[in-house]
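Each residue takes its place number in the sequence, starting with 1.
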Amino acid sequence: MPLLTGYPGSMYAARLGSRKIVHVDMDAFYASVEQRDDPGLRGKPVVVAWRGNRSVVCAASYEARRFGIRSAMPAVWAERLCPEAIFIPPDFARYKAVSRRVREIFQRHTDLIEPLSLDEAYLDVTENKIGFPTATKVAIAIRQQIHEELSLTASAGVAPNKFLAKIASDWRKPDGLFVIQPHEVQAFLVDLPVGRIPGVGHVTESRMKQIGISKVGDIGAMDISSLEAHFGRYGSRLYELARGIDHNPVVPNRVRKQISAEDTFERDIPLKETELLIRKLAEKVWNASSENMRMARTIVLKLKTKEFSTLTRSLTPAKMPTTLETFIEVALSLRERVELGPQQLYRLVGVGLGNFQIDATDGVEQTDLPGSSLFNSEAELN
């Protein structure tokens, strides 16, 4: 069955061909910086993480990944998978400095840059500063400059929109380049596993398989009402993505959508003992929020049990707290909505502010304070 029902090939290519997007993703960024700066680490399984029962992997070199080590994995698990792995404590200040230099290379080619993290970004090169005739030539030049000037490698995806460019950058990792031309979109998507769609996690993928969806082509064969019946509002988004449609622009100037901080306890503790850390994290978030000119509307508390189950409780009050102490009181009150019993132990707690009031024209991003990851980890995800 044709995937792009209702879109003749030439017409569809014309709809897609108006933009040229490049997604650049640094390869095993933190670990690669460590290997670059210490030649003795090259070719060895490097894990960027603090040792200890409470630490998680921030990054793993490709040599370490062969053992099954991945970002956000507990460090003790990584050590079991590869006892000879070399653990390096993360140096975020150094990684941010390198990231700024990568950004400077991007800026030679376009000002339309949307960073996603320290190690990846979208670039709109529909019109580029150098005057290259194609986005592919821009991507080649950027990757070459990163390699020559920073002694690091980056993978890039080139496509008519952000959705496709993101998938493409991961297609030939590491140190790869993959291009999806407008007229190739239908053939590329029809057999693509649904798990490759950004945002489709294990839970959603499992639900899809239960109703016979395993490839993007299966989504494209369904009408929008069926998709919405199964997946709610996300169904309409899936309907568009299955047809390669993504109208989201590259937004270079983004304002904060969420500010958060979290920490892991030295030992698992009961809920009643979390107050001290909640106060500490709330103060950190409150101080950071003072730099944001927009007003947050929602307060969030996050807890992770010793079994690694994550709980979140949030409140959007009619009037937001105007003092730190009131903010702390609200954060602490959210604990009362956790009903797992006094015997339950917890390994992590986080506090966040979200749902910032923004203008319709603003881009938005979520921001985690250094060393925290309530909504999005410092650990790289490539």
Side-chain angles (χ1 to χ4, degrees), residues 25-102 116-120 146-147 150-155 170 173-175 202 260-269 277 280-281 284 302-310 345-350 368-382:
D25 195 354
M26 301 297 293
D27 298 320
F29 183 47
Y30 301 165
S32 295
V33 171
E34 297 293 347
Q35 290 178 313
R36 180 197 69 177
D37 295 346
D38 183 352
L41 297 176
R42 296 172 189 172
K44 297 180 180 179
V46 173
V47 176
V48 179
W50 289 282
R51 286 185 180 273
N53 293 333
R54 298 300 185 181
S55 180
V56 298
V57 174
C58 296
S61 68
Y62 283 95
E63 295 85 356
R65 295 183 189 193
R66 297 192 187 106
F67 292 87
I69 299 174
R70 294 290 182 268
S71 298
M73 172 185 291
V76 291
W77 294 6
E79 195 166 7
R80 291 173 193 151
L81 289 170
C82 183
E84 62 268 35
I86 302 171
F87 281 74
I88 305 292
D91 184 349
F92 291 116
R94 185 152 50 103
Y95 308 148
K96 289 176 181 177
V98 177
S99 180
R100 284 193 292 271
R101 294 195 61 190
V102 174
L116 300 180
S117 61
L118 293 181
D119 62 327
E120 62 175 318
I146 289 173
H147 185 262
L150 305 180
S151 299
L152 296 169
T153 64
S155 296
D170 195 47
K173 263 189 166 292
D175 197 19
H202 295 302
S260 60
E262 70 177 30
D263 207 347
T264 304
F265 303 113
E266 289 295 328
R267 59 178 178 82
D268 298 330
I269 65 173
L277 187 54
K280 175 183 174 183
L281 295 174
K284 182 185 292 189
K302 172 183 175 181
L303 292 160
K304 185 174 289 187
T305 70
K306 70 172 185 178
E307 296 84 9
F308 289 88
S309 295
T310 300
L345 299 179
Y346 299 87
R347 58 178 284 111
L348 174 149
V349 67
D368 302 309
L369 304 179
S372 69
S373 56
L374 178 53
F375 297 105
N376 193 10
S377 174
E378 279 257 33
E380 59 179 307
L381 303 178
N382 65 332

- Item | Thr310 and Lys302: CA distance, side-chain angles, deciding distance, side-chain contact (heavy atoms from CB on, under 4.5 Å) verdict | CA-CA 7 Å; Thr310 300; Lys302 172 183 175 181; 3.7 Å; yes
- Dump the intermediate steps for side-chain contact (heavy atoms from CB on, under 4.5 Å) on Asp263 and Val349, then the final yes or no. CA-CA 6 Å; Asp263 207 347; Val349 67; 5.7 Å; no
- Task: List the steps, then state whether side-chain contact (heavy atoms from CB on, under 4.5 Å) holds for Asp37 with Arg94.
- Result: CA-CA 11 Å; Asp37 295 346; Arg94 185 152 50 103; 2.6 Å; yes
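Atom CD of Glu307 is separated from atom OH of Tyr346 by 9.5 Å, given to the nearest 0.5 angstrom. Within the model, atoms CG of Leu81 and CZ of Arg66 stand 15.0 Å from one another, a figure rounded to the nearest 0.5 Å. Atom CE of Met73 sits about 13.0 Å away from atom CD of Glu79, to the nearest 0.5 Å. Between the CG atom in Leu41 and the CD1 atom in Ile88 there is a gap of 5.0 Å [rounded to 0.5 Å].
For the pair Arg65 and Tyr62, the cation sits on the ring face: its NZ or CZ lies under 6.0 Å from the ring centre, inside 45° of the axis.
In this structure a side-chain-to-backbone donor-acceptor pair under 3.5 Å is missing from Thr153 to Asp175. Although no hydrogens or angles enter the test, the distance criterion places a donor-acceptor pair under 3.5 Å between the side chain of Arg36 and the main chain of Leu150. The main-chain N or O of Asp268 is never found under 3.5 Å from a side-chain atom of Arg347 such that the two would form a donor-acceptor pair. Here the side chain of Ser61 pairs no donor or acceptor atom with the backbone of Ala31 at under 3.5 angstrom. Of the possible polar contacts, none joining the Glu84 side chain to the Lys44 backbone as a donor-acceptor pair under 3.5 Å is found.
Phe29 is not listed as a side-chain neighbour of Ser117, based on a closest heavy-atom distance of 4.5 Å or more. Under the 4.5 Å side-chain criterion, counting only non-hydrogen atoms from C-beta, Ile69 is in contact with Cys82.
When every heavy atom of Phe87 is checked against every heavy atom of Ala75, the shortest pair comes out as CZ-O, 3.8 Å. Across Ala59 and Ser71, no two heavy atoms sit closer than the pair CA-OG, 3.9 Å. Across all non-hydrogen atoms, the minimal contact from Ala261 to Lys284 is CB-CD, 3.8 Å. Of all non-hydrogen atoms in Leu118 and Tyr95, the two that sit nearest each other are CD1-CB, 4.3 Å. Nearest heavy atoms, Val57 versus Ala49: CA-CB, 3.9 Å. Here the closest heavy-atom approach between residue Ala85 and residue Val47 is recorded as CB-CG2, 3.9 Å.
Residue Lys304 qualifies as enclosed at atom NZ: its count of foreign heavy atoms under 6.0 Å is above 12.
Between the side chains of Asp27 and Ser155, at least one donor N or O sits under 3.5 Å from an acceptor N or O.
Ring geometry for Tyr30 against Phe92 counts as perpendicular: the plane angle is over 60°, on a 0 to 90° scale with 30° as the lower cut.
When each of Leu277, Leu348, Leu345 is tested with Phe265 by the rule side-chain contact (heavy atoms from CB on, under 4.5 Å), just one qualifies, namely Leu277.
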